[in-house]
Amino acid sequence: MEPYYYMQLDKQQQAAYRDMKAGLQALAPSFLVTRLENRVLGDIFFQLRLDCPEISYAVGFQYRFYPDSTKVELVPEYLFEKAKIREHQKAMEARIAKLIRPAQALTAWEKELYIHDFICQGVRYDKLKKPYSHEIIGPLGQGVGVCEGIAKTVKILCDALGIWCMIAISEANPEKNIKYRHAWNIIRAEGKYCHLDATFDNSLGTGDNIRYDYFNLSDSAFFRDHEPVLYKAPPCSEGNLFYYLVKKQSFTKTEDVEKRALQAIKKKKNLTFHWRGGYLTREKLTELLQLLEGTARDRGKYAQVSLNWPQAVLSVSFLDELPENELVLEEVKDT
């Protein structure tokens, strides 16, 4: 697929990008790269690996040069020996081919959904102190990963299924107690760009209860609880491809909430919905909670509500016994 970050570079930076890509793909112990400032080379190395998640075996580099040279000799840091890297490459290629096979005939939106659900059901968020948790090897090979590894896995599966996808990065924000960078994806669907954060949805869902709170969000919704992008990214102005809107689980009227709650109780299922009937103020939340509690009580049940307040998404369980906490404010996991 189109290498997004490569296209943002100037000609000299693109030359360095190509040099790095060729050297890393050859698994060379060292190779020459167009000489640029250390910080610029570091950014290019990082962005190359966002464009090409299959380069999962190189995690850093050192370099040396002569004062008058136009090139630097870059010495990459590889995770494994060459034979082990080749072994991992074959395993990853086979794993990806097997994963995408059932999705080949799906629509683009369904393919994206398929990838999202694989992450939410097949990958466990785990803050491992291992480099591979930041690469596709973690989610695809070990079934675990953090946001960077998950975003790279989403991209490589999107690439394999012909869906335009890039990886977006936000910076840490110590003032908000956000200690690390965060990674997610931007998808081009029906010619328009949307945010997809499979890591956040992965951390919200439990068991078969998959969440779609961050499936195809616009900028205005997404950045309610995400930091600004570190590198330039396409603007996402499209909100009509949001999962809950497409699936008619986005309500503007309380009577719709009551109707769906009754259906969920009858079918013995949870109810997850998005509220878009104005801002989800404390007053409106109280009204919705009272409605859900009353509807459950009329059917001999108790309502326990998990709330993703920034995204105005409520997930309701209907229980036979009074829960210890009737309202749980959800928190997403980040790296």
Margin query: Please give the remaining members of the hydrophobic cluster of Leu271, linking ILVMFWY side chains under 4.5 Å, ordered by chain and number.
Written below: Phe251, Val257, Ile265, Phe273, Trp275, Leu280, Leu285, Leu288, Leu289, Leu291, Leu292, Val305, Leu307, Trp309, Leu314, Val316, Phe318, Leu327, Leu329

Notebook entry, point to check: Looking at Phe46, does the NZ or CZ of Arg181 lie under 6.0 angstrom from its six-membered ring centre and within 45 degrees of the ring axis?
Noted result: yes

Checklist line | Minimal non-hydrogen separation, Ala221 against Leu217, with atom names | finding: CB-CD2, 4.1 Å

Next item on the list: Give a yes or no on whether Val33 and Val59 share a hydrophobic cluster (residues Ile, Leu, Val, Met, Phe, Trp, Tyr; joining criterion: side-chain heavy atoms under 4.5 Å apart).
Entry: yes

Note to self: Using the rule given for side-chain contact (heavy atoms from CB on, under 4.5 Å), can you reason through Phe200 versus Asn308, listing the C-alpha separation, both sets of side-chain angles and the distance that settles it, and then say yes or no?
What the structure shows: CA-CA 11 Å; Phe200 273 29; Asn308 178 354; over 6 Å; no

Check: Are any side-chain N or O atoms of Asp10 and backbone N or O atoms of Gln12, one a donor and one an acceptor, separated by less than 3.5 Å?
Finding: yes

Margin query: With a 3.5 Å distance limit and no angle check, can you tell me whether Tyr4 reaches the backbone of Ile167 through a side-chain donor-acceptor pair?
Written below: no

Check: Has the side chain of Asp201 got a donor or acceptor atom that lies under 3.5 Å from a matching backbone atom of Cys120?
Finding: no

Notebook entry, point to check: Pick one: which of Arg18, Gln13, Gln47 meets side-chain hydrogen bond (donor to acceptor under 3.5 Å, both in side chains) with Tyr6?
Noted result: Arg18

Next item on the list: Measure up the His116 and Tyr212 rings against each other and bin them: parallel (under 30°), tilted (30 to 60°), perpendicular (over 60°).
Entry: parallel

Item checked: Minimum-distance pair of heavy atoms, taken over all atoms of Pro323 and Tyr302 -> CD-CB, 3.9 Å

Note to self: Would the distance check show the side chain of Asn202 and the main-chain N or O of Val123 forming a donor-acceptor pair, the cut-off being under 3.5 Å?
What the structure shows: yes

Checklist line | Heavy-atom closest pair, residues Ala160 and Ile96 | finding: CB-CG2, 3.9 Å

Next item on the list: Please work out whether the ring planes of Tyr57 and Tyr78 are parallel, tilted or perpendicular, with thresholds of 30° and 60°.
Entry: tilted

Check: Do Asp213 and Gln311 have side-chain atoms, one donor and one acceptor, less than 3.5 Å apart?
Finding: no

Notebook entry, point to check: Do any N or O atoms from the side chain of Arg35 and from the backbone of Ser69 form a donor-acceptor pair under 3.5 angstrom?
Noted result: yes

Check: What are the two closest non-hydrogen atoms of Leu196 and Glu112, and how far apart are they?
Finding: CD2-OE2, 3.8 Å

Next item on the list: Classify the angle between the aromatic ring planes of Tyr63 and Phe65 as parallel (below 30°), tilted (30 to 60°) or perpendicular (above 60°).
Entry: parallel

Check: Just by modelled atom types, is the Cys194 backbone N or O under 3.5 Å from a matching donor or acceptor in the Asn216 side chain?
Finding: no

Notebook entry, point to check: Does the pair Lys259 and Glu255 meet the rule for a salt bridge (Lys or Arg N to Asp or Glu O under 4.0 Å), with working shown?
Noted result: CA-CA 6 Å; Lys259 179 181 176 181; Glu255 49 263 40; over 6 Å; no

Note to self: Tell me whether the count of non-hydrogen atoms from other residues, nucleotides or ligands lying under 6.0 Å of CD in Gln263 goes above 12.
What the structure shows: yes

Margin query: Donor-acceptor check, side chain of Arg95 to backbone of Leu140, threshold 3.5 angstrom: yes or no?
Written below: yes

Checklist line | Heavy-atom pair with the smallest gap, counting every atom of Gln14 and Met7 | finding: NE2-CA, 4.1 Å

Checklist line | Residues Arg260 and Asp256 bridged, charged N to O under 4.0 Å | finding: no

Next item on the list: Measure across Lys82 and Ala26 and return the closest heavy-atom pair with its distance rounded to 0.1 Å.
Entry: NZ-O, 4.4 Å

Check: Between the main-chain N or O of Phe215 and the side-chain N or O of Tyr244, is there a donor-acceptor pair closer than 3.5 Å?
Finding: no

Next item on the list: Only counting residues at least two apart or in another chain, list the ones meeting side chain to side chain donor-acceptor pair (under 3.5 Å) with Tyr17.
Entry: Asp51

Margin query: Is the ring pair His182/Trp184 parallel, tilted or perpendicular, if the boundaries are 30 and 60 degrees?
Written below: parallel

Note to self: Main chain of Lys192, side chain of Glu190: is a donor-acceptor contact present, judged purely on distance under 3.5 Å?
What the structure shows: no

Item checked: Arg124 CZ to Gln142 CD distance, which is reported to the nearest 0.5 Å -> 10.5 Å

Margin query: Using a 6.0 Å cut-off, check whether atom CD of Glu81 has over 12 heavy atoms from anything other than its own residue.
Written below: no

Note to self: So does Asn325 get a backbone contact from the side chain of Gln304, meaning a donor-acceptor N/O pair under 3.5 Å?
What the structure shows: yes

